[in-house]
Number of protein chains: 2
Amino acid sequence: MSTGEQRGRKPRADVQRNRTALLETAQRHFLQHGVGTSLEAVAKEAGVGPGTLYRHFPTREALLAAVLQTRSEELVARQADIEQLDDAAQALEQWLRAMEDYFSAFNGLPDPLMAAARAQEPDNPLTIPCGILITATDQYVRAAQLAGHVRASVRGRDLFLAACSVAWIKGTGTEGESLDRLRTLIASGYRRQDTQA
Amino acid sequence: MSTGEQRGRKPRADVQRNRTALLETAQRHFLQHGVGTSLEAVAKEAGVGPGTLYRHFPTREALLAAVLQTRSEELVARQADIEQLDDAAQALEQWLRAMEDYFSAFNGLPDPLMAAARAQEPDNPLTIPCGILITATDQYVRAAQLAGHVRASVRGRDLFLAACSVAWIKGTGTEGESLDRLRTLIASGYRRQDTQA
DNA sequence: ACTTGACCGGACGCTGCCTCCGTTTTACTC
DNA sequence: GAGTAAAACGGAGGCAGCGTCCGGTCAAGT
């Protein structure tokens, strides 16, 4: 947690204070009202003017990325657990589930994530996290392929998309059973040996 | 194309005229700017006031449903072609593709469709078309299952969801190759005999 | 031609987005 | 502790879209 470079003047105290308040409030609003929540309302509840919010986070995506940053610690934790596993197939499965939960954190989150995953806009602050996730997925995929559990034609990006889709559907309010069926369908799609149902 | 019941006074000519103009303009705007397009702009370009638009179509979903009504003729046509096929597996595959195209007609269409498919809101004008599509999918699925091409555990609703997902991803601007990979993945998921890749 | 009611359309109030700029706060200096 | 300048604040304001309401209008029936 290095403060980075502090050249010249020490940063002002209210900057950090406002930033923290904004992030906390934004996370609560994203949780309650989805990623489309009113930024004006966030600013007001955080006790700052809209100008301050937009100076800290120029776009909705920037704010979202900053909030996700704190949320991604949870994902990293699960990743540590998953790395303990011996079975590469299980590891992949749990990783996909972890990503899905991450994507479902806020209602409507998959849309901006997909927009960023397209990655034609390198200044989109969500592009980098997406890239990391796709790369990580690819590693799990390769490991499972080496162990003979996953078809050779599958790429990490494909399963990233699939996880994103499931999260999107979950966000639309589809009930749990349908989701389980879809997950099973996808798993049958990438697995090499067929567990016939 | 019956005019239905015309009890009492004959309906005014401008009603039909405005309705048609609105539908045409709305379709064009949905095509160009997605389902979130400005309804005010639609009304203006159709040459009517916003009040007229909202009287004809009280909600965005109502307008969308009316526009889709005319679009669904294309789907029915493809359905007729599909029914000609002998191979139930091919029929299912083509039907899924037809639905996917239908869902991709306008950018952002999958979201309101999924909201309607949840069907907790019976007054949502999109609920009925969704129900019809799910039922139709289920029939193709059953036929393919009888022919031994599809796993017994698969339901029509599952593949409806899958097609909707793919359409959603397509709408986010993902390139074609990734989409093909995802379609293949899903097909591997529901097919009974495994075409190992 | 005239009546009548269905229909029209735009003005209006509201919410949210984002920017600009006068004011305030803060760290630093002496 | 008082002074200073830069950095940050915040709210007013312009803009766009939504959905409603009501005075005026137009066409179908007589």
Side-chain angles (χ1 to χ4, degrees), chain A residues 3-23 25-26 28-30 32-66 106-108 111-112 115 123-125, chain B residues 3-23 25-26 28-30 32-66 106-108 111-112 115 123-125:
Chain A
T3 47
E5 36 198 332
Q6 47 169 357
R7 57 147 141 263
R9 195 175 258 223
K10 194 169 109 192
R12 282 171 57 159
D14 47 355
V15 173
Q16 185 61 29
R17 192 155 25 91
N18 283 332
R19 185 186 162 86
T20 308
L22 280 170
L23 284 178
T25 312
R28 204 165 52 249
H29 278 239
F30 283 149
Q32 288 177 0
H33 313 299
V35 297
T37 192
S38 159
L39 297 187
E40 250 185 355
V42 170
K44 187 179 291 183
E45 193 176 313
V48 305
T52 300
L53 190 156
Y54 285 102
R55 196 172 329 101
H56 279 274
F57 309 103
T59 66
R60 186 181 294 271
E61 280 71 34
L63 178 57
L64 199 49
F106 312 130
N107 208 328
D111 292 80
D123 53 345
N124 185 325
Chain B
T3 47
E5 38 196 331
Q6 46 170 358
R7 58 148 140 261
R9 194 179 257 222
K10 195 169 108 188
R12 283 171 54 161
D14 46 356
V15 173
Q16 185 61 30
R17 192 157 25 91
N18 283 331
R19 185 186 162 87
T20 309
L22 280 169
L23 284 178
T25 312
R28 203 167 53 249
H29 278 239
F30 283 150
Q32 287 177 2
H33 310 116
V35 298
T37 192
S38 159
L39 297 188
E40 250 185 356
V42 170
K44 187 179 294 183
E45 194 175 313
V48 305
T52 301
L53 190 156
Y54 285 104
R55 196 173 327 101
H56 280 276
F57 309 102
T59 66
R60 186 180 294 272
E61 280 71 34
L63 178 57
L64 199 51
F106 312 130
N107 207 329
D111 293 80
D123 53 345
N124 186 326

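Just so we're on the same page: letters track the sequence lines, and every chain starts at 1.
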S.K.: Provide, to the nearest angstrom, the distance between the CZ atom belonging to Phe57(A) and the P atom belonging to dC18(C).
M.R.: 15 Å
S.K.: Can you find a heavy atom in the side chain of Leu53(A) that is under 4.5 Å from one in the side chain of Val42(A)?
M.R.: yes
S.K.: Using OP1 and OP2 only, check whether a side-chain N or O of Ser38(B) sits under 4.0 Å from dC18(D).
M.R.: yes
S.K.: To the closest 0.5 Å, what do you measure between OG1 (Thr25(A)) and CG (Asn18(A))?
M.R.: 10.0 Å
S.K.: Can you tell me how far C1' of dG9(C) sits from CD of Glu45(B), to the nearest Å?
M.R.: 17 Å
S.K.: When you check the phosphate oxygens OP1 and OP2 of dC8(C), does a side-chain N or O of Asn18(B) lie under 4.0 Å from one of them?
M.R.: yes
S.K.: Using a cut-off of 4.0 Å on non-hydrogen atoms, how would the nucleic acid contact of Thr59(B) be classed: base, sugar-phosphate, or nothing?
M.R.: nothing
S.K.: In this structure, how many angstroms lie between the P atom of dC17(C) and the CD atom of Glu61(A), rounded?
M.R.: 12 Å
S.K.: Between Arg19(B) (CZ) and dA6(C) (P), how many Å, whole number?
M.R.: 19 Å
S.K.: Can you tell me how far the CZ atom of Arg17(B) sits from the CG atom of Asp14(B), to the nearest 0.5 Å?
M.R.: 5.5 Å
S.K.: How long is the gap from CG on Leu63(A) to CZ on Arg19(A), to the nearest 0.5 Å?
M.R.: 9.5 Å
S.K.: Between protein and nucleotides 19-30 of chain C, map the contacts as a letter string: B base, S sugar-phosphate only, - none, heavy atoms under 4.0 Å, written 5' to 3'.
M.R.: BB----BBBS--
S.K.: Figure out the CG/P separation between Leu39(B) and dG19(D), and round it to whole Å.
M.R.: 7 Å
S.K.: What is the distance from CZ of Arg60(A) to C1' of dC17(C), rounded to the nearest Å?
M.R.: 9 Å
S.K.: Report yes if the side chains of Arg60(B) and Leu39(B) come closer than 4.5 Å at any heavy-atom pair, otherwise no.
M.R.: yes
S.K.: Quick one: ring pair (Phe, Tyr, Trp, His ring centres under 6.0 Å) pairs with a partner in residues 32-65 of chain A, sequence neighbours left out?
M.R.: His29(A)-His33(A)
S.K.: So Phe106(B) and Thr37(B), do their side chains get closer than 4.5 Å, heavy atoms only?
M.R.: no
S.K.: Within the pair His56(B) and dC7(C), is there a side-chain N or O less than 4.0 Å away from OP1 or OP2?
M.R.: no
S.K.: For the pair made of CG in Leu22(A) and C1' in dG10(D), what is the distance, rounded to whole Å?
M.R.: 12 Å
S.K.: At 4.0 Å (heavy atoms only), tell me whether Gly36(A) reaches a base, stays on the sugar-phosphate, or touches nothing.
M.R.: nothing
S.K.: Rounded to whole Å, please give me the gap between NZ in Lys44(A) and C1' in dT15(C).
M.R.: 10 Å
